[in-house]
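Chain letters run A, B, ... following the sequence lines, proteins first and then strands; every chain starts at 1.
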2 protein chains.
Amino acid sequence: MIKKNSPVPIYHQLEEYIKQQIENGLLMEEAVIPSEREYAQTFQISRMTVRQAINNLVSEGYLKRQKGRGTFVNKKKIEQELQGMTSFTEDMLSRGMSPSSTLLSFQIIPADKKTATHLRMEENDFVYKIKRIRLADDAPMALETAYIPVELVPGLTEENSNLSLYRYIEEHLSLSISEATQEIEASIASSPDAEALGINIGDPILLIERISYLENEVPFELVKSTFRADRYRFVHTMKR
Amino acid sequence: MIKKNSPVPIYHQLEEYIKQQIENGLLMEEAVIPSEREYAQTFQISRMTVRQAINNLVSEGYLKRQKGRGTFVNKKKIEQELQGMTSFTEDMLSRGMSPSSTLLSFQIIPADKKTATHLRMEENDFVYKIKRIRLADDAPMALETAYIPVELVPGLTEENSNLSLYRYIEEHLSLSISEATQEIEASIASSPDAEALGINIGDPILLIERISYLENEVPFELVKSTFRADRYRFVHTMKR
DNA sequence: GTGGAATAGTTGTCTATACCAGTTGTATAT
DNA sequence: ATATACAACTGGTATAGACAACTATTCCAC
């Protein structure tokens, strides 16, 4: 399971191993994991190396330590992630609602100047433009338009764009999103917005514009969302 | 400088020492700090102990490491903090505007049920209720009402409430704010809001409700703000 | 029963050492 | 002048062992 002569450090291998065990349900939530000495023994590695792996998982929020007792699996990662970047799907799930979406259009178009700037690409380079209605418990909640550079995700189709895009990226491109900026603005529904969302012209709406970045600080997607203000409030938690 | 037989761990002493050096300007921004081996030598401690201290400061954002080059002091902590919790003052400064405020009222009242719940106190316990108009470049930007438990900050007066409240707390009570939750909502201006902000009834406004928590997870203040949507967008950055 | 000591298990701190892997500047060879 | 090689630094990974601090359990004396 752990390769000693691998270029990838032992502590990192152990991290991945423990994460795997958690995801596969072999280490249950709130349960103790094997002790540091036990890991050291079974994998024939030093206890300090085990500590390095566990320390990283602790600071990533997977585990928590308790002196004299042991090290425990934390509650679901999802619950923590919503202290910030959340996809619509996760957001709604965390509120106890059932999310769904309807694809309105799926296009590949040249980027206009503003979009190109945000996504740090050349004007007229191609982007996917994906429009959706987002529903929660089958009631319209938001209109969403996403722009994604074609170059970054060549294989995107109408079908797989329907799954969680983030998951698609992490699994197929082995990249993950590390940062996002959001701008939130209040406005008033125009005629097409009102019609799509089933509200009246002049009703308040919440505009959210998010840019997500990959690990290498490359901007990955620009999402403009229009939320019904009567049904949606934006919630977030900040630490430190 | 470092006491070996102290109950406080050596790595923690070293952390405090390095933080001090940074705050006193003895270690400049972007400059290299002494190497791990150097610290170990001068304080006669193990290099691994030095690493433990530096690791903590790295994960707290004070330092960054670069293999082969050295360890460097990060840019100001303030600049990082505004990727999240921001007071109005810091927020406006970061946008290049000049913030000011006018005190509308300063009361001590018994908390109603909802406020008491948010601040985790008993109904009818006393709270400060502080109403202000917030200005940016002398133009009205927001209406703000803050509720703070009297018990937590006994000495608050009209005068010192005018300074940055956060600074007051950190300096006089040596407590600091570690976490905050915000809820952001779009709405439309009612008559008194419109009048105070100099806009029309029915114009869009952004409602922000923030609860700040001290290190010990005690809720410290509840702030309800009403922003002019034509002048203010809420911006924030999320990492990981 | 209650309190307290002994014990065995946990994580926490710390040392001393070794070698690996990047970076940089300098000396040398061409 | 321009490469190339080397040396001397940096942080990164890993080992083995020691003792401290804390928790839970067991057992014994009262």
Side-chain angles (χ1 to χ4, degrees), chain A residues 1-19 21-22 27-74 215-216, chain B residues 1-19 21-22 27-74:
Chain A
M1 210 67 73
I2 260 103
K3 292 173 193 152
K4 287 230 175 187
N5 284 6
S6 160
V8 24
I10 294 176
Y11 73 88
H12 193 263
Q13 293 181 48
L14 183 53
E15 275 177 55
E16 294 301 321
Y17 174 78
I18 295 176
K19 275 201 272 189
Q21 297 256 308
I22 293 173
L27 292 173
M28 304 298 280
E29 287 180 18
E30 301 296 308
V32 286
I33 69 171
S35 74
E36 297 174 355
R37 285 180 175 85
E38 206 169 327
Y39 274 125
Q41 175 80 41
T42 66
F43 292 118
Q44 287 297 301
I45 57 180
S46 163
R47 186 180 152 219
M48 287 310 254
T49 303
V50 176
R51 281 185 67 78
Q52 190 172 358
I54 291 180
N55 278 338
N56 289 341
L57 293 178
V58 167
S59 67
E60 285 170 34
Y62 287 96
L63 303 175
K64 59 165 173 276
R65 326 184 78 130
Q66 265 182 268
K67 194 196 296 196
R69 295 197 59 218
T71 303
F72 302 82
V73 179
N74 258 337
E215 294 147 349
N216 43 10
Chain B
M1 209 68 73
I2 260 103
K3 292 173 193 154
K4 287 228 176 190
N5 284 7
S6 159
V8 21
I10 295 175
Y11 72 89
H12 193 263
Q13 293 181 49
L14 183 55
E15 275 177 53
E16 295 302 321
Y17 173 79
I18 296 176
K19 274 201 273 189
Q21 298 256 307
I22 293 173
L27 293 175
M28 303 299 279
E29 288 179 21
E30 301 296 304
V32 287
I33 69 172
S35 75
E36 298 174 354
R37 288 174 176 84
E38 205 169 329
Y39 275 126
Q41 174 80 42
T42 65
F43 293 118
Q44 286 298 298
I45 57 181
S46 165
R47 185 182 153 215
M48 288 307 270
T49 303
V50 175
R51 279 185 69 78
Q52 190 172 359
I54 291 180
N55 278 338
N56 289 341
L57 293 178
V58 167
S59 66
E60 286 171 34
Y62 287 97
L63 303 176
K64 59 166 173 276
R65 327 180 79 130
Q66 266 181 268
K67 197 199 293 195
R69 296 195 60 215
T71 302
F72 302 82
V73 179
N74 259 338

Separation of [N] [atom2] from [X] [atom1] (nearest whole Å):
X	N	atom1	atom2	result
E36(B)	dA8(D)	CD	P	20 Å
M48(B)	dG17(D)	CE	C1'	13 Å
I33(A)	dT11(C)	CD1	C1'	11 Å
H12(B)	dC14(C)	NE2	P	11 Å
Q66(B)	dA21(C)	CD	C1'	15 Å
K4(B)	dA18(D)	NZ	C1'	14 Å
R47(B)	dC9(D)	CZ	P	14 Å
Y39(A)	dT11(C)	OH	C1'	14 Å

From C-beta outward on I45(B), which listed nucleotide comes closest to its side chain: dA14(D), dT15(C), dT11(C)? dT15(C)

All ring pair (Phe, Tyr, Trp, His ring centres under 6.0 Å) counterparts of F43(A), not counting sequence neighbours: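 Checked F43(A) against ring pair (Phe, Tyr, Trp, His ring centres under 6.0 Å); matches are Y17(A).
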
Using a cut-off of under 3.5 Å, enumerate the N/O to N/O pairs linking the protein to nucleotides 20-23 of chain D.
from	atom 1	to	atom 2	distance (Å)
dT23(D)	O4'	G68(A)	O	3.4

For residues 1-15 of chain A, which residue pairs qualify under salt bridge (Lys or Arg N to Asp or Glu O under 4.0 Å), counting only residues two or more places apart or in two chains?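 Sorted pair list comes back empty.
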
Count the heavy atoms of every other residue, nucleotide or ligand shown that sit under 6.0 Å from CD of Q66(A), and state whether that count exceeds 12. yes

Phosphate-side-chain proximity, [X] and [N], N/O vs OP1/OP2 below 4.0 Å:
X	N	answer
T49(B)	dT15(C)	yes
S46(A)	dA16(D)	no
R51(A)	dG12(C)	yes

Range-with-range stems for DNA chain C, at least three Watson-Crick or G-U pairs under 3.5 Å: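 Ordered by first number, the stems with DNA chain C (at least 3 consecutive pairs each) read C:1-30 with D:1-30.
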
Taking side chain to side chain donor-acceptor pair (under 3.5 Å) as the test, write out the residues that go with K64(B), two or more places apart. N74(B)

Contact between N55(A) and N55(B) at the side-chain level, heavy atoms closer than 4.5 Å - yes or no?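 With C-beta onward as the side chain, the pair stays apart.
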
Tell me, do P9(A) and T49(A) make a side-chain contact under 4.5 Å, heavy atoms counted? no

Of S35(B) and Y11(A), the one whose closest DNA chain D nucleotide lies more 5':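 Taking each residue's closest nucleotide, the earlier one in sequence belongs to S35(B).
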
Check L14(A) against V50(A) and note the closest heavy-atom contact, atom names and distance.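 Minimum heavy-atom contact is CD2-CA, 3.9 Å.
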
A53(B) to Y11(B) - nearest heavy-atom pair and separation: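 Looking at all heavy atoms of both residues, the closest pair is CB-O, 3.3 Å.
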
Partner set under salt bridge (Lys or Arg N to Asp or Glu O under 4.0 Å) for E16(A), not counting sequence neighbours: K19(A)

Hey, does I10(B) reach any base, or is it just sugar-phosphate, or nothing, if we go heavy atoms under 4.0 Å? sugar-phosphate

